[in-house]
Trainee: 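Here's a structure for you.
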Amino acid sequence: MGDPKKPRKKYASPRSTWQTDQIARELWLVGKYGLRNKRELWTAETELSRIRNQARKLLAEPIDTRAETEKRLLLSLIRKGLIGSSSSLDDILGLTVESLLERRLQSMVKSKGLALSIQAARQAVTHGHIKVGNRRVTIPGFLVRRDEESTVRIIEGSTLAKLMVEAVPSAQQEE
């Protein structure tokens, strides 16, 4: 057990952080998905690495011993919305960090049109204007499950809802 004030790291930084193509790719992803810093990207990459590691280990086992574990892993990833319902272990190895970043609440808010930009989506989530199901979520990195995807909405009576109503007609008039 460690000190409760010092939780364990949820990410592993890259071995070489100063490669030009890697820096450019990371900065592009940070900008596209509105991440606060590269640490959020590294957390997603580490989670994806953990999932792919499980799949590789299962593929190395004999078919009869891996059946139940494989089923649990596939159901978990289907519930999270990372893979389709007819996927196999080989499809897990094809996952990219973008597929994981698309499942974040911040990205969902932007894709549903509840915010005008990815940065506005992050601010809306952080300030408590977004509801998932019946609960207010203030964590932009919250992974939205497939069954919760349709319940992402702006909280009733929120000032953001009023601003969005005003912004949408003005955007339509400009077109």
Side-chain angles (χ1 to χ4, degrees), residues 7-60 69-127 129-133 135 137-154 160 164 171:
R8 134 182 352 168
K9 284 187 354 180
K10 292 179 173 50
Y11 67 93
S13 56
R15 288 183 182 151
S16 55
T17 55
W18 294 105
Q19 292 180 349
T20 307
D21 56 339
Q22 180 180 350
I23 291 173
R25 184 184 148 277
E26 287 175 342
L27 286 176
W28 182 79
L29 286 170
V30 166
K32 180 179 180 189
Y33 293 101
L35 306 177
R36 186 181 71 208
N37 51 33
K38 288 185 183 178
R39 202 174 316 130
E40 288 187 348
L41 176 63
W42 295 341
T43 302
E45 287 175 344
T46 303
E47 177 65 18
L48 182 66
S49 172
R50 186 189 63 75
I51 292 168
R52 294 182 73 212
N53 233 351
Q54 280 182 304
R56 272 197 303 275
K57 285 180 182 176
L58 283 174
L59 282 171
T69 312
E70 178 181 353
K71 187 176 176 183
R72 271 188 289 151
L73 178 63
L74 288 172
L75 284 175
S76 168
L77 295 177
I78 289 168
R79 200 174 329 114
K80 289 178 183 176
L82 294 175
I83 59 175
S85 58
S86 62
S87 298
S88 65
L89 283 177
D90 295 328
D91 297 329
I92 295 174
L93 297 177
L95 286 175
T96 61
V97 72
E98 287 90 354
S99 59
L100 193 62
L101 292 174
E102 286 291 330
R103 301 302 307 172
R104 290 169 48 101
L105 180 59
Q106 177 181 359
S107 300
M108 288 281 175
V109 169
K110 169 67 172 110
S111 66
K112 283 183 163 274
L114 301 176
L116 299 176
S117 68
I118 195 75
Q119 290 81 12
R122 184 179 188 93
Q123 186 175 17
V125 172
T126 304
H127 289 195
H129 294 289
I130 304 297
K131 215 174 189 184
V132 177
R135 61 185 174 159
V137 181
T138 59
I139 302 166
F142 176 79
L143 290 180
V144 180
R145 294 193 324 241
R146 181 166 285 173
D147 58 336
E148 294 176 330
E149 194 172 339
S150 61
T151 63
V152 175
R153 64 187 183 279
I154 297 177
L160 181 67
M164 285 303 294

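For reference, positions follow the sequence shown, starting with 1. Everything quoted here is computed from the prediction, not taken from an experiment.
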Trainee: Checking I83 against L95 for the side chain to side chain contact (heavy atoms under 4.5 Å, CB included) test, could you report, in this order, the C-alpha distance in whole Å, the side-chain angles of both residues, the deciding distance, and whether it holds?
Mentor: CA-CA 8 Å; I83 59 175; L95 286 175; 4.0 Å; yes

Trainee: Under the side chain to side chain contact (heavy atoms under 4.5 Å, CB included) rule, what do T69 and K57 come out as? Steps first, then yes or no, please.
Mentor: CA-CA 11 Å; T69 312; K57 285 180 182 176; over 6 Å; no

Trainee: Pair L82, I51 - check side chain to side chain contact (heavy atoms under 4.5 Å, CB included), show working.
Mentor: CA-CA 11 Å; L82 294 175; I51 292 168; 4.1 Å; yes

Trainee: I'd like to know if the side chain of E40 and the backbone of G141 have a donor-acceptor N/O pair within less than 3.5 Å.
Mentor: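 Flag not set: sc E40 to bb G141 has no pair under 3.5 Å.
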
Trainee: Can you confirm whether more than 12 heavy atoms, excluding those of I139, are under 6.0 Å from its CD1 atom?
Mentor: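 Open: at most 12 neighbouring heavy atoms sit under 6.0 Å from CD1 of I139.
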
Trainee: Go through it in stages, so that I can follow the logic: the residues are Q119 and Q123, the test is side chain to side chain donor-acceptor pair (under 3.5 Å), and I'd like the CA-CA distance, side-chain angles, deciding distance and then a yes or no.
Mentor: CA-CA 6 Å; Q119 290 81 12; Q123 186 175 17; over 6 Å; no

Trainee: Which value, rounded to the nearest 0.5 Å, describes the distance between T151 atom OG1 and R145 atom CZ?
Mentor: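 CZ of R145 is found 9.0 Å from OG1 of T151.
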
Trainee: Which residue, K131, R153, R135, forms the salt bridge (Lys or Arg N to Asp or Glu O under 4.0 Å) with E148?
Mentor: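 With E148 as partner, salt bridge (Lys or Arg N to Asp or Glu O under 4.0 Å) holds for just one option, R135.
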
Trainee: Can any side-chain N or O of S107 pair as donor or acceptor with the backbone N or O of E102 at less than 3.5 Å?
Mentor: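 Side chain of S107 to backbone of E102, a donor-acceptor pair under 3.5 Å: no, none is there.
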
Trainee: Less than 4.5 Å apart, any side-chain heavy atom of P14 and any of Q19?
Mentor: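 When only atoms from C-beta onward are counted, Q19 and P14 do not touch, as no gap falls below 4.5 Å.
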
Trainee: Can you see which heavy atom on L93 is nearest to which on A55, and at what distance?
Mentor: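 It is CD2-CB, 4.0 Å.
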
Trainee: Quick one: NE2 on H129 to CG on L114, what's the gap to the nearest 0.5 Å?
Mentor: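 H129 atom NE2 to L114 atom CG measures 12.5 Å (nearest 0.5 Å).
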
Trainee: How many angstroms lie between atom NZ of K32 and atom CG of L41, to the nearest 0.5 angstrom?
Mentor: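 It is 12.5 Å, given to the nearest 0.5 Å.
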
Trainee: Search all heavy atoms of A120 against all heavy atoms of A115 and return the closest pair with its distance.
Mentor: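 That would be C-CB, 3.9 Å.
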
Trainee: With side chain to side chain contact (heavy atoms under 4.5 Å, CB included) as the test, would you mind laying out the steps for L58 and I92 before giving the verdict?
Mentor: CA-CA 11 Å; L58 283 174; I92 295 174; over 6 Å; no

Trainee: Just wondering, do I154 and V109 contact through their side chains at under 4.5 Å, heavy atoms?
Mentor: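 The answer is no, as the side chains (C-beta and beyond) never meet within the 4.5 Å cut-off.
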
Trainee: Tell me whether R146 at atom CZ has more than 12 heavy atoms from other residues, nucleotides or ligands lying less than 6.0 Å away.
Mentor: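 Above 12, so yes.
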
Trainee: If you measure from OG on S85 to CG on L77, what distance do you get to the nearest 0.5 Å?
Mentor: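 If we round to the nearest 0.5 Å, S85:OG and L77:CG are 13.0 Å apart.
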
Trainee: Rounded to the nearest 0.5 Å, how far does CG of L100 lie from CD of E45?
Mentor: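 These two atoms lie 10.0 Å from each other.
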
Trainee: So, the side chain of S76 versus the backbone of R72: is there a donor-acceptor pair under 3.5 Å, distance only?
Mentor: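 Judged by distance alone, no pair lies under 3.5 Å.
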
Trainee: Minimum heavy-atom separation for T126 to P140, with atom names?
Mentor: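 T126 and P140 have their closest heavy atoms at OG1-CG, 3.6 Å.
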
Trainee: Please report the shortest heavy-atom distance between K38 and I23, naming the atom on each side.
Mentor: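 Minimum heavy-atom contact is NZ-CG2, 4.1 Å.
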
Trainee: In the structure I gave you, are the side-chain heavy atoms of L73 and L89 within less than 4.5 Å of one another anywhere?
Mentor: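 They are in side-chain contact.
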
Trainee: Minimum heavy-atom separation for I118 and Q106, please, with both atom names.
Mentor: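 Looking at all heavy atoms of both residues, the shortest contact is O-NE2, 3.3 Å.
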
Trainee: Spell out, as yes or no, whether a donor-acceptor pair under 3.5 Å connects the side chain of K112 to the backbone of E149.
Mentor: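 Answer holds: yes.
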
Trainee: Would you say R15 has more than 12 foreign heavy atoms packed within less than 6.0 Å of its CZ?
Mentor: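 Open: at most 12 neighbouring heavy atoms sit under 6.0 Å from CZ of R15.
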
Trainee: NZ/K110 to CG/L116 distance, rounded to the nearest 0.5 angstrom?
Mentor: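 Interatomic distance, K110 NZ to L116 CG, rounded to 0.5 Å: 7.5 Å.
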
Trainee: Going by an N to O cut-off under 4.0 Å, is there a salt bridge joining R104 and E47?
Mentor: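 Answer for the salt bridge query: no.
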
Trainee: Will you find, in the side chains of R50 and N53, an N or O donor that is under 3.5 Å from an N or O acceptor?
Mentor: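 There is no such pair between these side chains.
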
Trainee: Is the backbone of W42 close enough, under 3.5 Å, to the side chain of T46 for a donor and an acceptor to pair up by distance?
Mentor: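 Answer holds: yes.
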
Trainee: So do T96 and L101 actually touch side chain to side chain, heavy atoms under 4.5 Å?
Mentor: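 A side-chain contact is absent here, since even the closest heavy-atom pair is not under 4.5 Å.
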
Trainee: With side chains defined as the heavy atoms from C-beta onward, is the minimum distance between I130 and V152 less than 4.5 Å?
Mentor: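 A side-chain contact under 4.5 Å exists here.
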
Trainee: For the pair R103 (side chain) and K80 (backbone), establish whether a donor and an acceptor sit closer than 3.5 Å, ignoring hydrogens and angles.
Mentor: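 Answer holds: yes.
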
